[in-house]
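What you are looking at is a predicted structure, and each value in this text was computed from that prediction instead of being measured. Counting starts at 1 for both ligands and their atoms, in listed order.
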Amino acid sequence: MALDFQGNIVSVIQVIALILLIIGVYPYRIRTKNRNLIMHGFLSILALALNLTTVISVMIPIFSTSITFISGLPILQSTIVWLHVASGLAAIILGLVIIGSWIVHPLGELGCSKVWRLMIPTFLIWALALVLGLIIHIYNIV
Ligand code: HEM
């Protein structure tokens, strides 16, 4: 089965974005200084920026022109696509809330620490969206 070139590029960018989120958490796990938490913040912003670039330039245009096609897919495929869209949107909104709460204060004050409980759920929802996106790509669903 031949995978489309653009989808391959988008998939690689999305996997890199998730890896950036994981790398950013590592210094936090070993409980070092604020500088590493700031690095975690910057890597998360970079991950969200990479994510948004492909969602806005590729996924939303394809999604908006394929809604009728997606609705007509067999139940399993259409559930995968709708779940992908819902989890993807949720991850992006949560990501924007977390990053927003950081950057509206001086960075060293770590305003995002008030929403730290959102971080693991956001990561898990993001990872779910990624797995579903890779399934959509590999099985050529859309
Ligand atoms: C955390 C957020 C998201 C992640 C990690 C993600 C990841 C992916 C990946 C890896 C693919 C396969 C590459 C491809 O076929 O182009 C994909 C495809 C797709 N995604 Fe997402 N996605 C996210 C958000 C969204 C959102 C919000 C939408 C809704 C507008 C969306 C709609 C689609 C569509 C329609 C495709 C198929 C594109 C195609 O046929 O090439 N995704 N996604």
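- When side chains are defined from C-beta on, Leu94 does not count as touching Trp126, because their heavy atoms never get closer than 4.5 Å.
- Between atom CE of residue Met59 and atom CD1 of residue Ile136 there is a gap of 8.5 Å, rounded to the nearest 0.5 Å.
- Counting protein heavy atoms only, atom 38 (C) of ligand 1 is closest to Ile62 CD1, 3.8 Å.
- Atom 40 (O) of ligand 1 has as its closest protein heavy atom Val142 O, 3.0 Å.
- Looking only at protein heavy atoms, the nearest one to atom 30 (C) of ligand 1 is Ile60 CG1, 3.5 Å.
- Trp102 contributes a side-chain N or O that, together with a main-chain N or O of Leu107, makes up a donor-acceptor pair within less than 3.5 Å.
- For atom 16 (O) of ligand 1, the nearest protein heavy atom (residue, atom name, distance) is Gly7 CA, 3.6 Å.
- Grouping the Ile, Leu, Val, Met, Phe, Trp and Tyr side chains by contacts below 4.5 angstrom, directly or via other members, places Ile75 apart from Ile70.
- Among Leu73, Thr79, Ile80, the one residue that satisfies the side-chain contact (heavy atoms from CB on, under 4.5 Å) test with Gln77 is Leu73.
- To the nearest 0.5 angstrom, Leu48 atom CG is 10.0 Å from Thr122 atom OG1.
- Closer than 2.8 Å to atom 21 (Fe) of ligand 1 sit the protein N, O or S atoms Met59 SD, His84 NE2.
- Proximity to Leu89 (heavy-atom distance under 4.0 Å) selects the following atoms of ligand 1: 27 (C).
- Under the 4.5 Å side-chain contact rule for hydrophobic residues, Leu110 and Val104 do not share a cluster.
- Remark: minimum distance from atom 15 (O) of ligand 1 to any protein heavy atom is reached at His137 ND1, 3.5 Å.
- Residues His137 and Gln14 are not in side-chain contact: their nearest non-hydrogen atoms beyond the backbone lie 4.5 Å or more apart.
- Under 4.0 angstrom from ligand 1, the non-hydrogen atoms of Asn51 all belong to its side chain.
- Here the side chain of His84 pairs a donor or acceptor atom with the backbone of Ala129 at under 3.5 angstrom.
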